**Student:** 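Sharing a structure here in structure tokens format.
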Amino acid sequence: MAHIPSELVSHSRKVCSLYKRSLRCLADWYHQPHSYRFQAVLMRERFDKNKDIKDMRHANHLLIEGEKELFSKMHYQPIKFANSITGIAYNRKGYAPDWLLDYWHPLEKAMYPKYFARREEMKDEYIKWYNTQYPEVEEKLEEGKKH
């Protein structure tokens with residue numbers, strides 16, 4: 001889920017965000033490090049040229065113009081990080097349920113004897129706890145075995 005700011009965003013933060021997005025846009029267009037770095041230095045010069053403007057109306061106008069220019073020069077296929085929300089590997093965490101370990105071959109379990117011994121103890125403890133918490137379920141199981 002994206003972060004939704006609850007407070008107002010300051011002008012300087014908006015400018016920093018625009019600068020960062022413009023650098024990302026440059027990285028989409030220029031793949032060789034030396035050409036990207038040259039363009040990044042030129043971009044930094046454009047931002048530094050206007051950093052001492054005190055008139056907020058003019059500063060807001062420059063910010064809006066910068067947003068428009070960034071939008072017009074965005075790459076048609078931008079680089080995306082693999083694990084970001086729009087990336088190809090987003091939310092691809094492998095989940096192996098615990099019961100899967102019960103189906104390991106005995107030779108595989110023999111490689112981790114302490115772990116599997118403790119695991120069997122924990123399973124027995126859980127079954128005892130479950131039967132004390134829900135005795136009616138155990139009674140129904142016993143009645144089902146009688147019939």
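Being a predicted model, the structure only gives us computed values, none of them experimental.
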**Student:** Mind checking the CG-CD1 spacing from Leu63 to Ile53? Nearest 0.5 Å is all I need.
**Tutor:**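 Answer for the CG-CD1 pair, Leu63 versus Ile53, is 11.0 Å.
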
**Student:** Flag yes if Tyr76 and Leu70 sit in one hydrophobic cluster, no otherwise; membership is Ile, Leu, Val, Met, Phe, Trp, Tyr, and two members link when side-chain heavy atoms are under 4.5 Å apart.
**Tutor:**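 They do share one cluster, since a chain of ILVMFWY contacts under 4.5 Å joins Tyr76 to Leu70.
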
**Student:** Under a 4.0 Å N-O cut-off, is there an ion pair linking Arg21 with Glu67?
**Tutor:**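 Answer for the salt bridge query: yes.
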
**Student:** Could you tell me whether Glu136 atom CD has more than 12 heavy atoms of other residues or ligands within 6.0 Å of it?
**Tutor:**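 Check passes, neighbour count above 12.
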
**Student:** Does Glu120 pair with Lys123 as a salt bridge, N-O distance under 4.0 Å?
**Tutor:**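 Between Lys123 and Glu120 there is a salt bridge, with a charged N closer than 4.0 Å to a carboxylate O.
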
**Student:** Atom CG in Leu26, atom NZ in Lys73: separation rounded to 0.5 Å?
**Tutor:**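 The CG atom of Leu26 sits 9.0 Å away from the NZ atom of Lys73.
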
**Student:** Around atom CD1 of Ile88, are there more than 12 heavy atoms from other residues, nucleotides or ligands closer than 6.0 Å?
**Tutor:**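 No, not enclosed.
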
**Student:** Work out which heavy atom in Pro78 is nearest to a heavy atom in Asp28; give both atom names and the distance.
**Tutor:**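 Result for this residue pair: CB-OD2, 3.3 Å.
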
**Student:** Is the closest side-chain heavy-atom distance between Arg37 and Val41 below 4.5 Å?
**Tutor:**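 Yes. Closest side-chain heavy atoms under 4.5 Å.
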
**Student:** Out of Met43, Lys49, Glu45, which residue meets the side-chain contact (heavy atoms from CB on, under 4.5 Å) rule with Phe47?
**Tutor:**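 Of all the options given, the one that passes is Met43.
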
**Student:** Is Asp102 salt-bridged to Arg119, cutoff N-O under 4.0 Å?
**Tutor:**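 Looking at Asp102 and Arg119, the cut-off is met.
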
**Student:** Roughly how far, to the nearest 0.5 Å, is the CG atom of Leu42 from the CZ atom of Arg46?
**Tutor:**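 Arg46 atom CZ to Leu42 atom CG measures 9.5 Å (nearest 0.5 Å).
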
**Student:** State yes or no: do Tyr95 and Trp99 share one hydrophobic cluster built from I, L, V, M, F, W and Y residues joined by side-chain heavy-atom distances below 4.5 Å, directly or via other members?
**Tutor:**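 As far as the 4.5 Å side-chain criterion goes, Trp99 and Tyr95 are not connected within one cluster.
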
**Student:** With a sphere of 6.0 Å drawn around CE of Met56, does it hold more than 12 non-hydrogen atoms of other residues, nucleotides or ligands?
**Tutor:**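 Check passes, neighbour count above 12.
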
**Student:** Can you check whether Tyr19 reaches Arg44 side chain to side chain, under 4.5 Å on heavy atoms?
**Tutor:**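 Yes. Closest side-chain heavy atoms under 4.5 Å.
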
**Student:** Considering only heavy atoms from C-beta outward, does the side chain of Arg24 approach that of Met74 to under 4.5 Å?
**Tutor:**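 Not touching, per the 4.5 Å side-chain cut-off.
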
**Student:** Which pairs would a plain distance check flag for residues 103-118, meaning a side-chain donor or acceptor within less than 3.5 Å of a matching protein atom at least two apart in sequence or in another chain?
**Tutor:**
| residue | atom | partner | partner atom | Å |
| --- | --- | --- | --- | --- |
| His105 | ND1 | Leu107 | N | 3.0 |
| Glu108 | OE1 | His105 | N | 3.0 |
| Arg118 | NH1 | Glu121 | OE1 | 3.3 |

**Student:** Return the CG to NZ distance between Asn60 and Lys14, rounded to the nearest 0.5 Å.
**Tutor:**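 Going from CG on Asn60 over to NZ on Lys14, the span is 6.5 Å.
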
**Student:** Looking at every non-hydrogen atom in both residues, tell me the closest pair between Tyr30 and Ser35 and how far apart they are.
**Tutor:**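 Nearest heavy atoms, Tyr30 then Ser35: CB-OG, 3.9 Å.
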
**Student:** Going hydrophobic residue to hydrophobic residue with side-chain gaps under 4.5 angstrom, can you get from Tyr130 over to Ile127?
**Tutor:**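 Per the 4.5 Å side-chain linkage, Tyr130 and Ile127 are not co-clustered.
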
**Student:** CD of Glu69 to SG of Cys25: how many Å apart, nearest 0.5 Å?
**Tutor:**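 Answer rounded to 0.5 Å: 9.5 Å.
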
**Student:** Without swapping roles, check the side chain of Ser17 against the backbone of Arg13 for a donor-acceptor pair under 3.5 Å.
**Tutor:**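 Here the side-chain-to-backbone pair does not exist.
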
**Student:** Do Tyr36 and Leu23 make a side-chain contact, defined as non-hydrogen atoms from C-beta onward lying under 4.5 Å apart?
**Tutor:**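 A side-chain contact exists here, since the closest heavy-atom pair is under 4.5 Å.
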
**Student:** Is it possible for you to say whether Tyr126 and Tyr134 belong to one hydrophobic cluster, with membership spreading through side-chain heavy-atom contacts below 4.5 Å?
**Tutor:**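 Same hydrophobic cluster.
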
**Student:** Which heavy atom in Ala96 sits nearest to a heavy atom in Leu100, and how many Å separate them?
**Tutor:**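 Looking at all heavy atoms of both residues, the closest pair is CB-CD2, 4.2 Å.
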
